[in-house]
Every structure is written in C-alpha cells, then in structure tokens.
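Below, read A as the first sequence line, B as the second, and so on, with proteins coming before strands; counting in each chain starts at 1. Values below: all heavy atoms of this structure, side chains included; hydrogens, waters and symmetry mates excluded. This structure is a prediction, so every number in the text was calculated from the model and none was measured.
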Number of protein chains: 2
Amino acid sequence: MQEFNIKDVARLAGVSIATVSRVLNGTKRVNPETREKVMKVIEATDFRPNALARGLISKRTNVVGVMIPDISNEIFSRFVNGLESVLEPNGYSLFLGITNGKEETELKYLQLFEDKQIDGIILSGVSYSKNHKHFFQKTRMPIIVSGQQFRDSGIPFVNIENVAGSHMATTYLLNKGHKKIGYISAPLFDIAVGVNRLEGFKKAMKEWQLPISRQSVVVADSFKTSSGYDAAKKLMELSVKPTAIFAATDRIAIGAMNYLYDNGYSIPEDCSVIGFDDIEVSSLLRPSLTTVNVDYVESGFQSGKQLLKLLNRQPDEVVGDILLMPSLSIRNSVSERN
Amino acid sequence: MQEFNIKDVARLAGVSIATVSRVLNGTKRVNPETREKVMKVIEATDFRPNALARGLISKRTNVVGVMIPDISNEIFSRFVNGLESVLEPNGYSLFLGITNGKEETELKYLQLFEDKQIDGIILSGVSYSKNHKHFFQKTRMPIIVSGQQFRDSGIPFVNIENVAGSHMATTYLLNKGHKKIGYISAPLFDIAVGVNRLEGFKKAMKEWQLPISRQSVVVADSFKTSSGYDAAKKLMELSVKPTAIFAATDRIAIGAMNYLYDNGYSIPEDCSVIGFDDIEVSSLLRPSLTTVNVDYVESGFQSGKQLLKLLNRQPDEVVGDILLMPSLSIRNSVSERN
DNA sequence: TTGTAAGCGTTATCAA
DNA sequence: TTGATAACGCTTACAA
C-alpha cells in the first residue's frame, strides 16, 4: 500500500528511525534542526505512519466502536450524528456496528471491537443477555450505554427522563381540559420507551385523580406506524371515545393520526393527538404534531463526552450517569376541550 | 487488553505458534489431532487473535471505509443500511467517516483510510477537488462512488437515472392533463440532483412541445424544506399559476405542500404536487405525496457488491458502472386536470 | 505435518 | 539529544 515507511524517512533524513518517531509523536525533545530536517522529508514524501503498527505497540487506535440496531432509524442516526460531533474533534473515528437487533450480531461486534483494539465502546438499543453481561464483566474497555441502562453492570449511562416526559405530555392534555385520554403504549419489552413512558402517563392521571380504564391503554404490537393505526382503531371504536390520544412514540402517533384522517375525524377538533420523540416528520405533517421533544443529537453528544471522560480519566475519577430532560414541542394537533 | 496471545495458546497446546496460526487460518494442512488439541485450548481460553497484528502483516483488515456528508439524512442512512447488509455477511465491517460536507474533513478521512490500511472505500456525497483527484490517482485502494460520478477518474460508480426519473414524473403530470407545471429545482452545484433532474423535466416538456417560461422554473436556495416553501410562494404568486408543482426532492416538495396548505390551496384540487426520492415521510403525509421512488438501500447494496467485486477481482476483470432506474410511487397529491 | 525464524512498521527502553 | 535494538502479536517462507 504505502511505499514509504519510517525507515525510508530516517534514511533520507540521515537520522535513526527512533528520531523520526519522536518527531512524529512530538514526544521527548528533539533538536530543532534535526526536527526540521525530518519534517522536510516527511512533507516531501507525504509520509504517513501506519496506524496498524502504531496501534499494535501503543495499544491505542483512536477508534470508538458504536453499536446500534438500525442506522436508518432517525433516532439512531441523529444519535450517531451527535456522537461524531464530539468524537471527531477529539481525534476519534467511528467504527460502526449495525446489529439489526440480533443478539448474535451484537456479540460478534463486541468481540470485533476487542480484536481491533478499539479504545472505547458506545452502545445504544442493544440487548442485555447473560453473554453480554459476561463480556462486560471481562472486558477492560471503557463503555457507555445510551437510551437504556444495564442494571448492576456499573456501566455509565446517558438516558432520557422518559417518565417525566410522558408525565409532561399527559399533564399538558389534562390542562387543556381532556379527561378521556387514550394511551397507546410501545411494546413493553422495551423498558425505557414501553414501561417508563406508560408509567409517566399513569402518574399524571393519578395526580388528577382520574381513573384509567383498561381499554383506554392499548399496547402497540410494534414501533411501526401501522401498529399506531391499529391501536387508534381500537381506541376510537370504544363506546366512550377518547378526546385525546397520547402515543408513546411519534411514529405510533402518526399511525394514529392517519387512522383518524382516513376515518373522517378531524385533528384536533374531534380528537387531539400528542406524541413522543419529535422526529423530523412531526413538524412537517399538517396538522403538525405536538410532541415531547427528545434531543437525540444531544444524547449522542453527551454519550461521546462521557466516553471521552472514561478514556482520559484519572485513576480514582468516577464517571457518573446522565439523564436528559425532554421538553414539549407545542404544535397544532392538540386543542382545548371542556 | 487481551491477556492471551498466540504464544500462550501454543505453549498450552504444546505446539509452535506457527501451528496455532495455521489452525486459526485454516491454511495448509494440519494434523487433525494437533488441530483438535489447539482448538480445545483456543476455546477454553477464549482466545481471539489480535486484528491489528494480523492486518499489519497480511495487509488486509476486513474493514471498509464509508464516507458520507451526513448520517442523519435519511438518504445516506438508508444507503449505509444497504451497504451494511451486503458487507457484513461478507466479513467486512464499516469504518464511518462523516464529513459534514467539509472538503478538509473529506481529505482527512481519505488519509485516515489509508493509514488504517482499510481494504476499500465507498464514497457518497463527497466533493471532487484537485486534492481529491490527486488522492485517487495515487492510491491503490479499491473505490466505489455512489450517487454521483467522478469524471475521468476511472472510479466505478453506482448512480440513479436522475434524468429518466424526472422525465417519468413530468410525463405523469402531462398525462394527467397538466400543462402549466412549475418546477422547483435543487441547487445546481449538485449535478445529479440539481442539473440532471432539471434536464429530465425539460426533456419531457419538449417532447410535448410545451414551452417552459423562465418564471416557471425556480431554483431552491438549499435542500431544506423552507426553500421549497419559498419557491412555492414564488410560483403561486405568478400571474399564471401552475396547476402542478414538480419539486426536485421530496423535502423541497414538502415545503411546497406546506406553503399551499398554509395559504388555503387544497392539494391536489387546486394544485398537484409531485416529488423525487420517496423519503419515508412522503407516504405518511396527508395527502400522501406522489413521488419518484429511489431505492437508496438498493443503491447501497449495489455499491457494496461492486466493492466486493473490486476486492476479489481477477487481474484482468473490469468492474463496470451501475445505473439504477427509479420508479413512480403514485399516491394522492396529484389529480387529473383538463 | 511441524517448527524455526524472519519479517510487518511502529514505539519504547536503554545506552551512548 | 540521538541511536541501537527489543518489543507488539501475528503470518509465512524455509527447513526439518
């Protein structure tokens, strides 16, 4: 590949390879004159040191491994975006592991990260099996997990205040006069998005001393739009129709909106809709979707920052967890109700 | 990092490191018994060879560098998705370079790819300066470029039939009876999306012997929704309003739709809208957007396949270019007109 | 079939 | 301040 190596540079500059290495790394003192001489050769030959050889001995590769289930999901791509914005300026590049949600692939990448002597790992949307746990216990790699937390693993996390977020959305609806609120939950195997967001809804309803009928909470089959569509159907076919629907994710909310649209309900007059995530589409829809804004770019940014802390930490320094507070993006899908 | 190395395995198995290496690589014949013995130690110790050391000598890293301007842009994230779906099963992992459109960052990653002895490069949405050209001429790395083409570079490309696509969309409008069509072009510095798509529009109009007034073609300031909004405003303020708007990208089309919606025009009754790309939102909008479907996942898939060909090619084998034909996604934003 | 030993291109250690 | 030289962990001739 590269014709030139450090040996050639040393020869051309009339010094030893050790000196060239010192110039390259800025380590230790080098006589300005020799330094100049070497630099000239380096520039003239366009020499660049082999990163593999470098990493082999120095044990540092300046690469961070990122593992996510799906890059074409906006939530993760924005996360990676935020990650990159803090890691790149600090000299780290990204090694991307896309798992498609398969545990087997997850474990494969975890091993690959070690094989390649990557400096640190960022995880988001990955499972937490016995095998994972085993890996986490054995490895010495710095790890940050985002959008979830691995209980008792000691792995620092960056997560969203999901409970507070849905509490916020529910309270907003309640303040607007809605009492009959239908909740479309995300699948409950997802603790953060499924369980926690439902919890925030229940909490707010309880605070207003409003009962939650069994039928008014529908658990969507998946995170897809179509599941929101189906769930909204169930909700609107109840004898007591809700005046507002709160969906655990924007995608699900959009499915619900489409059901309403397709069946002649006007939004928000006949039924208000509120979502969670604030994906890009939400502001583009007409009516635009009122939703809980989660800054996934920021989440990536913070995750990257935490990893940098782990990478540069002092022996006794502790890197804590981070919880990001969502906010409300008020748009046009919710109206007043008496 | 890894406590164990090949030496330890060799010692524990009572063989030489060369034998362990042979077992590891399946190269050359190894006595089944010794092989068994070694395998047992490998499994018992959970030994995994150091990829850096391996790459250093073998000159292969099983890593492909991917360079794109923005991962949070759906078009690129789907592209990466397609790429991964063909590269991962073939044993390659992705090294991701996000450039944010900065030439400086592009060049940095190009060098990084070489430093890290990456096996091949996939480029999409990158510029083509003198420096780039220089790099491409010097490097021996297999490269595939997608969504664009580097003239006279000899670099195989995978691209979309942009001219045919917009010709198709225009013809569709014409067949629906539209004669006064407003075209919102993407910025013209982008050859593929700006120039080529405009060309297809003009071609179709010419075939129908319809004149194109100067005002009926508006070049958007950017690829953003807001630019589509502004452009639609210009179009609808003309003395002769168009009965249909063709926007060079869905994002721009959505901006146009929002302008129409906000100003009391109903779609498609008052004005039809057609887009290009078929991003996810388009099917979610109400009315859903009729648009030219471009399969970016497929584009990534094909790019990956072409790179694999380059990586495994015979000395005299030629890897050609690929042009992907888009199709029409007919939805509800276009109506008949007399 | 197996082992010895020479690299791969760096950094790090120790003298000089 | 500089230069030999020994690692780093592996693959691969070449010998045995």
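Atom CD1 of A:Ile6 and atom C1' of D:dA4 are 14 Å apart (whole Å). The distance between atom CZ of A:Arg60 and atom P of C:dA12, rounded to the nearest whole Å, is 11 Å. B:Lys116 has its NZ atom 17 Å from the P atom of C:dG9, to the nearest Å. For B:Arg35 and C:dT2, the CZ to C1' distance is 15 Å, given to the nearest whole Å. Rounded to an integer number of Å, the gap from A:Lys7 NZ to D:dG3 C1' is 14 Å. Atom pair A:Lys37:NZ and D:dT2:C1' shows a separation of 11 Å (rounding to whole Å applied). B:Leu56 places its CG atom 14 Å from the C1' atom of C:dA6, with the value rounded to the nearest Å. What separates CG of A:Asn50 from C1' of D:dC10 is a distance of 14 Å, to the nearest Å.
Of the two residues near DNA chain C, B:Val30 and B:Ile57, the one whose nearest nucleotide lies more 5' is B:Val30. Between B:Ala53 and B:Ala18, the residue whose closest nucleotide on DNA chain C is further toward the 5' end is B:Ala18. With DNA chain D read from its 5' end, the first of the two nearest nucleotides for A:Ile17 and A:Arg29 is the one closest to A:Arg29.
The list of ring-ring contact (aromatic ring centres under 6.0 Å, His included) pairs with a residue in residues 20-39 of chain A, not counting sequence neighbours, is empty. Applying the ring-ring contact (aromatic ring centres under 6.0 Å, His included) test to every pair with at least one member in residues 93-127 of chain B, sequence neighbours left out, gives these pairs: B:Phe95-B:Phe113. Residues in residues 53-83 of chain B take part in no ring-ring contact (aromatic ring centres under 6.0 Å, His included) pair, two or more places apart or across chains. Applying the salt bridge (charged side-chain N to carboxylate O under 4.0 Å, His left out) test to every pair with at least one member in residues 299-310 of chain A, sequence neighbours left out, gives no pairs at all.
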Between protein and nucleotides 14-16 of chain D, what N or O pairs are separated by less than 3.5 Å?
none

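Residue A:Thr34 has a polar side-chain atom (N or O) positioned under 4.0 Å from OP1 or OP2 of D:dT2. In this model, the phosphate group of D:dA4 is not approached by any side-chain N or O of A:Ser16 to a distance below 4.0 Å at OP1 or OP2. A close approach under 4.0 Å does occur between a side-chain nitrogen or oxygen of A:Lys59 and OP1 or OP2 of D:dG9. Contact between the side-chain N/O atoms of A:Asn25 and the OP1/OP2 oxygens of C:dT11 is found at a separation under 4.0 Å. The phosphate of C:dT11 has neither OP1 nor OP2 within less than 4.0 Å of any side-chain N or O from A:Thr27.
Residues passing the ring pair (Phe, Tyr, Trp, His ring centres under 6.0 Å) test with A:Phe150 are A:Tyr128, A:Phe136, sequence neighbours excluded. Evaluation of the salt bridge (Lys or Arg N to Asp or Glu O under 4.0 Å) rule for A:Arg78 yields A:Glu74 as partners, not counting sequence neighbours. For B:Phe301, there are no ring pair (Phe, Tyr, Trp, His ring centres under 6.0 Å) partners at least two apart in sequence or on another chain.
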**Study point:** A:Ile322 vs A:Gln306, side chain to side chain contact (heavy atoms under 4.5 Å, CB included): CA-CA, chis, key distance, verdict
**Key:** CA-CA 9 Å; A:Ile322 290 189; A:Gln306 292 301 90; 3.6 Å; yes
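Here A:Asp115 does not pair with B:Arg54 in a salt bridge; the nearest charged N to carboxylate O distance is not below 4.0 Å.
At the heavy-atom level, A:Leu52 lies nowhere under 4.0 Å from the strands shown. Residue contacts for A:Thr19: at a heavy-atom cut-off of 4.0 Å it reaches the sugar-phosphate backbone alone, with no base atom in range.
Axis angle, first five pairs versus last five pairs of the helix from C:dT1-D:dA16 to C:dA16-D:dT1: 40°, rounded to 10°.
In this structure a side-chain-to-backbone donor-acceptor pair under 3.5 Å is present from B:Asp119 to B:Thr61.
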